[in-house]
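All residue numbers in this chain count up from 1 along the given sequence.
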Amino acid sequence: MNILINHTSSIPFHKQIEEELRKLIDTGEYDNGKLFPKEVDISNRVGVSRNTVRQAINTLVGEGLLERKKGVGTTVAKRKIGTKLSEWHSFTQEMSAKGIPFKNYLVEHDTVNAEALTAEILNIEEGKEIHRLTRLRGDQTDPFVYFISWFHPRVAFDQEEQFEKPLYDIIEEKFNIVLTKSSEELTAMLADKKLSELLKIEEGAPILFRSRIVSDPGGRVVEINHGYYRADRFTYQIEINK
């Protein structure tokens, strides 16, 4: 078991251990049901508490990389076959990675009562007060995407929040919620009057609608996001690995 962490680094211990354990999983050494190292052994190896090690392992269990079996121990989960988006980020991170200057044309934050479908997805009572964030974003020339997000009550932004940082960084820093999974659906649609005015396109122009449900390591839904993209300014690329 070759696991090392940097005790002088600003990166939290549980994050460092999490990455080291990912590398250990990728070696294939613990495939075919071989028991994964015990929490106490990892704790002694790297010089941190068992709770810190447990936090890292819980994340990997939530992602489906490890499995816990009562009375047996922890094992590496069997590889699953499927197709998925290669990666996902917040809009800010996507644009920054591409080197595209962007701006917010509109940012509004308020609270609303959860409608039936929203409440069902968030697993809360219908009518419960939740936070909603709407943003109109684009490059220096024109807006090209309109976002609406609804959040689980665990995410309760201050009214003074300016949303200047990437959204998912804010959620992790302020609410200690790490978002690890995004389930998405893409649909073609036509712009109605409201969208045409917001995105500066003709009514009836083509729109790419993306519905995103974002969850934490335990599979609990944290955000429901609807994105309306101008089809003439934005393409959604999907990379599928064999």
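- Contact of the L60 side chain with the L21 side chain is registered, since non-hydrogen atoms from C-beta on lie closer than 4.5 Å.
- D158 contributes no side-chain N or O that, together with a main-chain N or O of E160, makes up a donor-acceptor pair within less than 3.5 Å.
- Residue D216 holds its CG atom at 12.5 Å from CD of E223, rounded to the nearest 0.5 Å.
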Inset, instruction - Mind running side chain to side chain contact (heavy atoms under 4.5 Å, CB included) on F147 and T134 for me, showing each step along the way? - result: CA-CA 6 Å; F147 290 123; T134 58; over 6 Å; no
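- Salt bridge R22/E18: present, at least one basic N to carboxylate O contact under 4.0 Å.
- Heavy atoms only, all atoms of each residue included: S149 and N225 are closest at OG-ND2, 2.8 Å.
- For the atom pair CD1 of I124 and CD1 of I130, the computed distance is 5.0 Å after rounding to the nearest 0.5 Å.
- Of the inter-residue distances, the one linking L106 atom CG with R135 atom CZ reads 10.5 Å to the nearest 0.5 angstrom.
- Side-chain atoms of R212 and S182 include a donor-acceptor pair closer than 3.5 Å.
- Side-chain contact between T75 and Y30 is absent, with no heavy atoms from C-beta onward closer than 4.5 Å.
- Ion pairing between a basic and an acidic side chain is recognised when a charged N comes within 4.0 Å of a carboxylate O; K165 and D169 show no such pairing.
- Annotation: side chain of F13 is not in contact with side chain of V46 (no heavy-atom distance under 4.5 Å).
- Side-chain contact of T180 with E63: a donor-acceptor pair under 3.5 Å is absent, judged by distance alone.
- Taking the ring pair (Phe, Tyr, Trp, His ring centres under 6.0 Å) definition, one finds that F175 meets it with F157, sequence neighbours left out.
- A donor-acceptor distance shorter than 3.5 angstrom exists from the side chain of T59 to the backbone of Q55, with no hydrogens or angles considered.
- Checked by atom type, the side-chain pair S49/N51 shows no donor-acceptor distance below 3.5 Å.
- With no hydrogens or angles considered, a side-chain donor-acceptor pair links R68 and N58 at under 3.5 Å.
- With respect to the salt-bridge test (charged N to carboxylate O, under 4.0 angstrom), the residues K194 and D192 do not qualify.
- Summarising the geometry, atom CD1 belonging to I17 is positioned 10.5 Å from atom CD belonging to E39; distances are rounded to the nearest 0.5 Å.
- Cation-pi geometry between K103 and Y105 is satisfied (NZ or CZ under 6.0 Å from the ring centre, within 45° of the ring normal).
- Between H131 and H109, the ring planes lie parallel to each other; the angle is under 30°, not in the 30° to 60° tilted range.
- G47 approaches H7 most closely through the heavy-atom pair O-CE1, 3.5 Å.
- Considering only heavy atoms from C-beta on, S211 stays 4.5 Å or farther from T187 through its side chain.
- Between the side chain of Q16 and the backbone N or O of N6 there is at least one donor-acceptor pair closer than 3.5 Å.
- For K174, the salt bridge (Lys or Arg N to Asp or Glu O under 4.0 Å) criterion is met by E161, not counting sequence neighbours.
- Between V112 and W150, some side-chain heavy-atom pair lies under the 4.5 Å cut-off.
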